[in-house]
K.L.:
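A single structure is presented below for examination.
Everything quoted here is computed from the prediction, not taken from an experiment. Counting starts at 1 for both ligands and their atoms, in listed order.
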Amino acid sequence: MTYINCRCIPEGGVPMSERPPVRNSGTVSKDDFGREVTVKGWVQDVRNLGGISFVILRDRFGIIQIAMPKKKTPPEVFDILTNLPRESVVAVEGTAKESTQAKMGYEVVPNAVEVLSRAASPLPLGVADKVGVEIETRYNNRYLDLRKPEIRAVFEIKSLALDLIDAFLKEKDFIEVFTPKIVASGAEGGATLFPVKYFDKEAYLAQSPQLYKQILMSTGLDQVYEIAPAFRAEPSDTIRHVSEFISFDGEMAFIESQRDVLDLIEGCMQAMIEGVIDRGQKSLELVGAQVNLPRVPYPVLTYSDAVGILASEGMEIQEGEDLGTEGEKLLGEVMSSRGNEMYWIIEYPEASKPFYIMEKDGTPFSHSFDLDYNGQEIASGGQREHRHGRLVERMRKKGLDPSSFEFYLNAFAYGMPPHGGWGLGLERLIQKMLGLANIREAILFPRDRNRLTP
Ligand code: ATP
Ligand code: MG
């Protein structure tokens, strides 16, 4: 008998073509007890105790115990199920029964089985075993890695977080937009641009939607957001950088100051985290994450405050320099000891910020901000320079040639309101919210210097 896609419908069994209602581990209910059901999933484990054998069937929602008392199970069904390699995919028909011993409180006693896909063995990576595996092995075999409920749950939370962000912004009258990912020039500095061959021209993968969302501010689409991939050729191997991430960007026109932007983001973060705590409980338990709702309002530190705090902790940062990963981390510890998981760092030196950020006139600083979450930057933003002349001046100051930004600058010449916005790395947010050790845990198929497949 071949087991591959085989149909085993024993005498007296129910033909598979007239399947009883399909249930999964989440939807079998008391009403099903004593009735025929069909369940489908992966064979997580097989235990043959002689007189009875058990198959633990796993699906998206949990596990189902298939119990096969030898005397009460059609021999072919018993034989097929007890000899299946782990991780094979099957459909099982049988009677649902209450069971005090089964984890879910019920089991299914089968009378028919269809092997939908027989797994090869040995598996390159165990699914149910609790042994530690190298991260490389996990990502090389991501299709198996993602079968682990605790790994998969991160993506359920990510999806929920996106839903909540969407709902919040739509409620605030924001319009979701999509800007080009193949672009002629970068906004965030040349070093991390990925060149692409674009017919007979050189183009790049977009590092951020910065220039386009700003152009939109001149159109009447005056509050926009975009959640889309961004690409950066990050040379260093860190736990918070990848080459492709999901950037959650927003831009708002007619702001009075960047405080309008901070308020909007703060509201959005609170609504999202509250929603995740409320609706994502099961997934959070699987991940083992303890998520707190950050205290509002988030404290606002100026860059100079932050440098001062670090100095008092024994870390010297030259005025004007980046706080750096270590600085951010130490600041995170200080802020967390004060009960603050999220906090703003505003007014960075203008020299350290891109050309599109507005200078704070009469000072070396700028109308800019970062949002840090538990010691890591998750977002950057600020008020933008909307005055055409000043913008050109700033480009020159940064050593950029305004003529290569003509398509962008033109939008500032014919009526551009004051505006501001942000870019937030979705996976950094998920990483910090769930306390994941590495940003890659929040990405299905991460891309970095060393990884282009799967
Ligand atoms: P960092 O200093 O941490 O490298 P950045 O200041 O260069 O980040 P921004 O240009 O401010 O990054 O981008 C806005 C947001 O996009 C960041 O706050 C971060 O959340 C996210 N982000 C930027 N680069 C990456 C990356 N390589 N991988 C994942 N997320 C990123
Ligand atoms: Mg930044």
Side-chain angles (χ1 to χ4, degrees), residues 158 161 165 181 183 186-194 204-211 213-214 225-251 258 261-262 265 268-269 272 298 303 306 317 321-329 331-332 342-357 366-384 398 420-434 436-451:
K158 191 172 174 180
I165 289 172
K181 300 303 155 216
V183 298
E188 317 299 336
T192 64
L193 280 170
F194 277 117
Y204 306 96
L205 295 178
Q207 294 165 312
S208 84
Q210 186 62 35
L211 305 182
K213 61 181 183 165
Q214 283 195 263
Y225 72 101
E226 175 167 9
I227 300 176
F231 305 90
R232 302 211 184 170
E234 298 284 358
S236 48
D237 186 16
T238 78
I239 56 163
R240 59 185 210 160
H241 291 99
V242 280
S243 313
E244 179 175 346
F245 64 96
I246 300 297
S247 188
F248 162 34
D249 277 83
E251 205 66 28
Q258 78 170 12
V261 182
L262 304 194
I265 302 174
C268 183
M269 290 298 101
M272 187 278 288
Y298 304 162
Y303 164 83
I317 306 271
E321 265 185 21
D322 220 51
L323 301 183
T325 311
E326 288 311 309
E328 280 178 22
K329 215 168 127 190
L331 190 64
M342 287 238 202
Y343 38 92
W344 303 104
I345 306 167
I346 64 163
E347 297 187 5
Y348 279 84
E350 65 79 14
S352 70
K353 285 288 164 184
F355 67 83
Y356 50 78
I357 286 286
S366 63
H367 294 289
S368 57
F369 66 83
D370 273 10
L371 176 61
D372 279 31
Y373 191 6
N374 288 329
Q376 183 169 287
E377 172 192 328
I378 61 164
S380 283
Q383 175 153 10
R384 319 306 189 183
K398 300 270 166 193
W422 72 90
L424 184 153
L426 182 67
E427 289 92 357
R428 283 213 191 157
L429 170 64
I430 301 292
Q431 180 192 1
K432 295 317 281 186
M433 181 170 67
L434 302 183
L436 307 174
N438 194 312
I439 191 171
R440 289 162 183 75
E441 299 292 349
I443 303 175
L444 289 170
F445 301 104
R447 289 287 174 265
D448 60 33
R449 247 176 97 92
N450 305 311
R451 187 169 288 284

K.L.:
Any carboxylate oxygen within less than 4.0 angstrom of a Lys/Arg side-chain nitrogen, looking at Glu328 and Arg240?
P.N.:
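The answer is yes: the pair qualifies as a salt bridge.
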K.L.:
Are side-chain N/O atoms of Asp370 and Ser380 paired as donor and acceptor at under 3.5 Å?
P.N.:
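The criterion, which ignores hydrogens and geometry beyond distance, is satisfied for Ser380 and Asp370.
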K.L.:
Is the shortest distance from a heavy atom of Ser247 to ligand 1 less than 4.0 Å?
P.N.:
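Distance cut 4.0 Å: Ser247 fails for ligand 1.
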K.L.:
State the CD1-SG distance between Ile165 and Cys268, to the nearest 0.5 angstrom.
P.N.:
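Spacing of CD1 (Ile165) from SG (Cys268) equals 5.0 Å.
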K.L.:
Taking a cutoff of less than 4.0 Å between a non-hydrogen atom of the residue and any ligand atom, is Arg240 in contact with ligand 1?
P.N.:
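Arg240 counts as a contact of ligand 1 under the 4.0 Å cut-off.
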K.L.:
Please determine whether side chain to side chain donor-acceptor pair (under 3.5 Å) holds for the pair Glu251 and Gln210, giving the CA-CA distance in whole Å, both sets of side-chain angles, and the decisive distance to 0.1 Å.
P.N.:
CA-CA 9 Å; Glu251 205 66 28; Gln210 186 62 35; 4.5 Å; no
K.L.:
Quick check: Leu424 and ligand 1, any N/O pair under 3.5 Å apart?
P.N.:
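By distance alone, the answer is no.
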K.L.:
Looking at atom 20 (O) of ligand 1, what's its closest protein heavy atom, distance included?
P.N.:
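Going atom by atom, the protein heavy atom closest to atom 20 (O) of ligand 1 ends up being Ile378 O, 2.7 Å.
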K.L.:
Can you tell which of Arg384, Lys398, Glu350 makes a side-chain contact (heavy atoms from CB on, under 4.5 Å) with Phe355?
P.N.:
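Looking at Arg384, Lys398, Glu350, the match for Phe355 under the side-chain contact (heavy atoms from CB on, under 4.5 Å) is Lys398.
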K.L.:
Just to confirm my output: which protein heavy-atom neighbour is closest to atom 4 (O) of ligand 1, and how far is it?
P.N.:
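In this structure, atom 4 (O) of ligand 1 has His241 NE2, 2.5 Å as its nearest protein heavy atom.
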K.L.:
Within the distance-only criterion (no hydrogens, no angle test), does the side chain of Lys158 pair as donor or acceptor with the backbone N or O of Ala442 below 3.5 angstrom?
P.N.:
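At least one qualifying donor-acceptor pair exists.
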K.L.:
Please work out, at 4.0 Å between heavy atoms, whether the side chain, the backbone, both, or neither of Ile439 comes within that distance of ligand 1.
P.N.:
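Side chain only; the backbone of Ile439 stays clear of ligand 1.
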K.L.:
Under 4.0 Å from a heavy atom of Ala379: give me the atoms of ligand 1 that qualify, with their elements.
P.N.:
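Matching atoms, with element in brackets: 18 (O).
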K.L.:
As a check for students: among Arg447, Arg440, Arg428, Gln207, identify the option with a heavy atom nearest to atom 3 (O) of ligand 1.
P.N.:
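The option holding the nearest heavy atom is Arg428.
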K.L.:
What's the shortest distance from atom 2 (O) of ligand 1 to any protein heavy atom, and which residue and atom give it?
P.N.:
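Atom 2 (O) of ligand 1 sits closest to the protein heavy atom Glu377 OE1, 3.7 Å.
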K.L.:
Where is the nearest protein heavy atom to atom 12 (O) of ligand 1: which residue, which atom, and how far?
P.N.:
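Protein heavy atom with the smallest distance to atom 12 (O) of ligand 1: Arg232 NH1, 3.4 Å.
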K.L.:
For the side-chain contact (heavy atoms from CB on, under 4.5 Å) test, which of Glu226, Arg232, Lys213 pairs with Ser208?
P.N.:
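Testing each of Glu226, Arg232, Lys213 against Ser208, the sole residue satisfying side-chain contact (heavy atoms from CB on, under 4.5 Å) is Arg232.
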K.L.:
Nearest non-hydrogen atom to atom 25 (C) of ligand 1 belongs to which of Phe245, Phe248, Tyr373, Trp422?
P.N.:
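Comparing heavy atoms across Phe245, Phe248, Tyr373, Trp422, the nearest one to atom 25 (C) of ligand 1 lies in Phe245.
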K.L.:
Can you tell me the protein heavy atom closest to atom 28 (N) of ligand 1 and the distance?
P.N.:
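Ranked first by proximity to atom 28 (N) of ligand 1 is Val242 N, 3.1 Å.
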K.L.:
Can you report which non-hydrogen protein atom sits closest to atom 11 (O) of ligand 1, along with the distance?
P.N.:
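Scanning the protein heavy atoms, the shortest distance from atom 11 (O) of ligand 1 goes to Ser380 OG, 2.9 Å.
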K.L.:
Tell me the protein N, O or S atoms under 2.8 Å from the Mg ion (ligand 2), in chain and number order.
P.N.:
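Near the Mg ion (ligand 2), below 2.8 Å, one finds Glu377 OE2, Ser380 OG.
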K.L.:
Of all residues at least two apart in sequence or in a different chain, which pass the side chain to side chain donor-acceptor pair (under 3.5 Å) check with Thr192?
P.N.:
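By the side chain to side chain donor-acceptor pair (under 3.5 Å) rule, Thr192 matches Gln207.
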K.L.:
Is there a donor-acceptor pair under 3.5 Å between the side chain of Arg428 and the backbone N or O of Glu377?
P.N.:
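Flag set: sc Arg428 to bb Glu377 pair under 3.5 Å.
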K.L.:
Assign the ring pair Trp344 / Phe369 to parallel, tilted or perpendicular, where the plane angle (0 to 90°) is split at 30° and 60°.
P.N.:
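It falls in the perpendicular class, over 60°.
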K.L.:
Are the ring centres of Tyr348 and Tyr303 closer than 6.0 Å?
P.N.:
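Yes, close enough.
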K.L.:
In plain terms, say whether Arg440 and Glu427 are close enough for a salt bridge, that is, a side-chain N and a carboxylate O under 4.0 Å apart.
P.N.:
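Here Arg440 does not pair with Glu427 in a salt bridge, since their nearest N and O are not under 4.0 Å apart.
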K.L.:
Just by distance, do the side chain of Gln431 and the backbone of Glu441 share a donor-acceptor pair under 3.5 Å?
P.N.:
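Not confirmed, Gln431 side chain does not pair with Glu441 backbone.
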K.L.:
Just to confirm my output: which protein heavy-atom neighbour is closest to atom 15 (C) of ligand 1, and how far is it?
P.N.:
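The closest heavy atom on the protein side is Gly423 O, 3.6 Å.
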